[in-house]
Amino acid sequence: MATNFFFWLLLVVAIAGLAGLLLVRDASRRTPWLAAFLVSFGVLAVWQSAVMFKDTTASQVLFSLFGAAVCFGALGVVLSQNVVRMAFWLIVSLGSTSGLFFLLNADFVGAVQLLVYVGGTLVLLIFGVMLTASGPYVTMKTSPTEWVAAAVVSSLLLGLILVSAFGVDWQAVDYAEAGNTTTQDASAGSSVQEGTTLRPLGWALLGLRPDKDLQKPGEPSGVGYLLPFEIVSVHLLVVLIGAAYLARAKRRVDQTPGTTAL
Amino acid sequence: MIFALFSYDSISDFVDSMMGSWAAWAWVVVALIHAVIIIHFFAVAPLFYIWLERKVSGRIQDRLGPTRVGGKFGWLQTLADGLKLIQKEDLCPQSADQLMFRISPYIVFVATFGAFIVLPFSNGWVAQNLEIGIFFMLAVMSLEVIGIILAGYSSGSKWALFGGMREAAQMVSYEIPMAICALVPIVAAGSLNFVEIGRMQSGWFFPNWLMFNNPFTFLAFFVYFTVATASVKRAPFDLAEAESELVAGFHTEYSGIRWSYFFMAEYAGMFAVSGIAVFLFLGGWYTGIGPLDASLVSLQSVGPYGILSYIVNLIFMVVFITKGCLLVFLQIWIRWTFPRLRIDQVMMTCLKYLLPMSCALFLGAVLWPLLYYSVSSGESPRTKWFGEPLYDKVIAAEPASAEQAARQSAPQLAKGER
């Protein structure tokens, strides 16, 4: 009853303040109307949003914030024409993605995202632009053909994402999230909640899966991911050496006798 | 109680009870309190270090340094400088990329600030006790370089561009030995968690501090400190702002408060890398005198309301900050003693000397336990004289205050009743 009364009182004051603000012509006499409108409207807004988002958890709020930042950064990358600004928007987008990982308690993946993509790849990108740029600010203009190609590729990708997003049975996930974990995933679930995902990751790399019964058919064989990981890293090393070989300064052999090669 | 403010759970519980089920507010309040405490340290430490830098450089060059502002020793000099910088006009060159130019000081500032989120100041006094603390800290500190490169690029000035390019080349190469050197004590400790690594190093400093754990960690400390000095672009590695060649390098075009953000970040970064060094090599918050530490830790579990625990943690914090400040002093000392290197010498030092050295140290640190256990089967002289090696040491559980103990036992009771 009291709540209702205050709600209508605030609404009336806000409307009266707005009306006064619009009707009063003398600027110096508008101030009290403005104050009445702002105060009552502010109280109403905070109160009503508090009621509306009563069951919203902090992680939901932060998730939407970071998600919005990811999308905003991605739009910035696409819409900006200056290469370095694109790199900056990419920083925003990738940094917010790592924020999403931290929010989901995947600390290790989030830190890797920061270190590899934001701290490593993007620095090299900007460095490369700075070394190779001929003008002060490099701009990129996209032709209509590129627009069409990009539209086709990105709509295909969007379709793929949508199909996989709606293909997941989210009800089962919600059910599991509400505490109805099966015994098999119990240990993994607790480590995820505590943010200590590093140790299970390291164990899995070495083939130790305390959360799985390795004797059962269909489960991971217990070999671990160390061998594939090493193979991939050796591949990367080969690529690095190859790039250094291709890009090395070729020594010019001077034909004329008596002069030294530079 | 103020003491309770440092414990994450109590605030969220408190605000949770105030606000009903809307726990989001509790998160925000907790984050804000942590951020405010950290930003105070973050802002006051540079204030002190800049004054210290002037005083030390003055003494090294047979001058007095600041003497007037604030009475004795000129201790208010930095604050006066700060007031001057705030009042200066916020200039932006016409040929600059306006958005990038204005935003890059904040990137540098936020990246360095983010590193302090996981750095504990005492036993358990940490904003976020991440399992991967050191990795996170190195990752976040590697973002600082982006702000500097963007500042150099967007200034629209050749000096700034050269400074930014040098910085990029230097940082990309020095990050590698820094991470590898940080791995050497981590291999000995077996954890990436700062608090856990700190707790491991209790007892007498000689065998217990990670620096003295094996010969490789001992050598790694010196390599790490060299690389860390370079990674916060301090002399003799300050090629990005070499004033004799590049006017002022990447911050040539900056003035006023934006300029001072770069320097706040630089001096706070000096403490951040020193803090990593203190945790990875120099015993964290412990004094290194075994009985003293043991008695302090044993005091933590007695007394009402955990007051003694709070005071002991305060003492440990003073110890930790003193250690960090000594390392920062060392960096300042090095700056005013050694001449600046040339850019090719900087790159050569890293890629030809520091990188192979750190790789060899890492290999040695990995092989050390193997060798140690195969040579000394059974009881070794080290075990007899200095106690168990680190990787066998049982870490004492966190000394719980009365409130924490009550909270921990509460759910178990509930389960028991059911």
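In what follows, chains carry the letters A, B, and so on, assigned in the order in which the sequence lines appear, proteins first and then strands, with residues in each chain numbered from 1.
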Practice item. Determine whether more than 12 heavy atoms belonging to other residues, nucleotides or ligands lie under 6.0 Å from atom CZ of B/Phe162. Key: no
Exercise for review: Indicate yes or no: at least one non-hydrogen side-chain atom of A/Asp107 is less than 4.5 angstrom from one of B/Phe135.
Suggested key: no
Point to revise | Validation row: B/Met171, A/Val123 side chains within 4.5 angstrom (heavy atoms) | key: no
Study note, to complete from the structure: Of all heavy-atom pairs linking B/Ser142 and A/Gly119, the shortest is OG-CA, 3.8 Å
Review point. Which bit of B/Ala169 comes within less than 4.5 Å of chain A, counting heavy atoms only: side chain, backbone, both or neither?
Key: both
Review point. Relative to chain B, which segment of A/Val112 carries a heavy atom at a distance below 4.5 Å: side chain, backbone, both, or neither?
Key: both
Review point. At their closest point, which heavy atom of A/Leu115 faces which heavy atom of B/Ala139, and how far apart are they?
Key: CD1-CA, 3.4 Å
Point to revise | Atom group of B/Ile103 that falls short of 4.5 Å from chain A, counting heavy atoms | key: side chain
Study note, to complete from the structure: Closest heavy-atom pair, B/Gln98 versus A/Arg85, reported as atoms and distance to 0.1 Å, is N-NH2, 4.4 Å
Check your understanding: Hey, which of B/Asp97, B/Leu150, B/Ile146 is the one that makes side-chain contact (heavy atoms from CB on, under 4.5 Å) with A/Phe88?
Key -> B/Leu150
